[in-house]
Amino acid sequence: MITDARVLQPEFIPSEVKHRDAEVNTLSSVLRPLTDGVRADPAFLYGPSGTGKTCIAQFTVERLRQEVVDVNYQYVNCWEDYSRFKTLYTILDGINNTIDIHRQSTPKDVLLDRLKDYTGPPYVVILDEVDQLQDKSLLYDLYRVKDLTMLLIANKETEVFAEIDDRLTSRLTTATRIHFDHYSRSELTTILNDRVQWGLVPNIIDQERLNLIAAKAAGDARIAIGILRNAARHAHGNSLDEIPTDVIRDVVPETKSEIQQQTIDRLTDHQQTLYDIITDHGTIEPQALYDEYQERVTDPKTKRTVRNHLSKLEHYNLIGSEGNTKGRIYRALT
DNA sequence: GGTCCACCGGAAAACTCGGGCC
DNA sequence: GGCCCGAGTTTTCCGGTGGACC
């Protein structure tokens, strides 16, 4: 049933993209100076999850590299590499310059100096989920690195620009902003059609069922492809010749919770405990939350650390909160 | 309006951990 | 093995905020 599982994976970069011509063209124009060996101005791609920001950034840079120029490029997920050190390390790794760098004993300044000394073809760095960067001043330092082009990706424009200082703000005001909207239902259906053609045997799903998947995904391509993947697996596991409607309906909640679970899995034990308590209660006050947290773990952290964990959970959209001071309530989002 | 209290979050200090060096 | 260094994490301190109460 599945002929090529890769095309159903979220990280798959297709050889052609649909419904993002304007965005691809704008980004291509921004990157045009690279064809002359000159670095390009930064670009800022923003919009909700599953709207193709990362895919388009990688696709456009890859196409540029294939078609015309000698360009180095590196993708950095700032969710995982959120510290200044980790981000710099990954960027240096993209130009094979980390051989004698030790994660615990090399000063951060050494990493930046080494990046500044880089002499090679233009270097494009995609900073995905850039709002997760702990130290936004790194963007200013990267901006000053000769031959380095930054593509910044985030969900909300304000989450990035609210936290950066005036030096960088004044420079980034000239950055090209590319907004990504949710896909329409028909756009998602076309995207799914391609994935079916590339990765599944013919005639196992009809247009009506693809429309159903698109409707369930509510404009999010990542969810749509996830539903298709899980439905295909389920049908294959049950030796079915096609993907029936009830299987699609069955895998929708599973797919959505699967995506959320990927976030939860990245939490530390203490963060998971806090998340579990809030989920168990639905809503809970800070003191009651801390009391139960102390009961559930053997080595409880201080209230201040717990507050840091909670703000992280909130930032990941795993929990919500209401009220600012005394009447504060934490609540589960599912 | 004044006071108390619970809570938040920034800043800085303290601590932990891992690697290099002698 | 002991010391030093640096990154990351946690703790401490403290000012600010807003609701409750008098």
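Labels below follow one simple rule: chain letters A, B, ... track the order of the sequence lines, proteins then strands, and each chain is numbered from 1.
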What integer distance in Å separates [X]:[atom1] from [N]:[atom2]?
| X | N | atom1 | atom2 | answer |
| --- | --- | --- | --- | --- |
| A/L310 | B/dG10 | CG | P | 14 Å |
| A/Y89 | C/dG6 | OH | P | 18 Å |
| A/H315 | B/dG9 | NE2 | P | 13 Å |
| A/L274 | C/dT10 | CG | C1' | 14 Å |
| A/L111 | C/dA7 | CG | P | 9 Å |
| A/I319 | B/dC8 | CD1 | P | 10 Å |
| A/F85 | C/dG6 | CZ | C1' | 9 Å |
| A/Y293 | B/dC7 | OH | P | 16 Å |

Self-check item: Pairwise distance CZ(A/R209) to CD1(A/I248) - rounded to 0.5 angstrom
Solution: 6.5 Å
Base, sugar-phosphate alone, or nothing: which one does [X] contact when heavy atoms must sit under 4.0 Å apart?
| X | value |
| --- | --- |
| A/R304 | base |
| A/T305 | base |
| A/Y82 | sugar-phosphate |

Do any side-chain nitrogens or oxygens of [X] fall under 4.0 Å of OP1 or OP2 in [N]?
| X | N | result |
| --- | --- | --- |
| A/T325 | B/dC7 | no |
| A/Y290 | B/dC8 | no |
| A/Q287 | B/dC7 | yes |

Practice problem: Can you see which heavy atom on A/T255 is nearest to which on A/I227, and at what distance? | Solution: CG2-N, 3.5 Å
Quiz item: Has the side chain of A/Y316 got a donor or acceptor atom that lies under 3.5 Å from a matching backbone atom of A/I264?
Solution: no
Quiz item: When you check the side-chain N and O atoms of A/S28 and A/R63, is any donor under 3.5 Å from an acceptor?
Solution: yes
Exercise. Identify which nucleotide among B/dC7, C/dG8, C/dT12 has an atom closest to any side-chain atom of A/T302, counting heavy atoms from C-beta outward.
Key: C/dT12
Quiz item: Do the ring planes of A/Y89 and A/F85 sit parallel (below 30°), tilted (30 to 60°) or perpendicular (above 60°)?
Solution: parallel
Quiz prompt | Residue met sooner reading DNA chain B from 5', once A/K326 and A/N308 are mapped to nucleotides | solution = A/K326
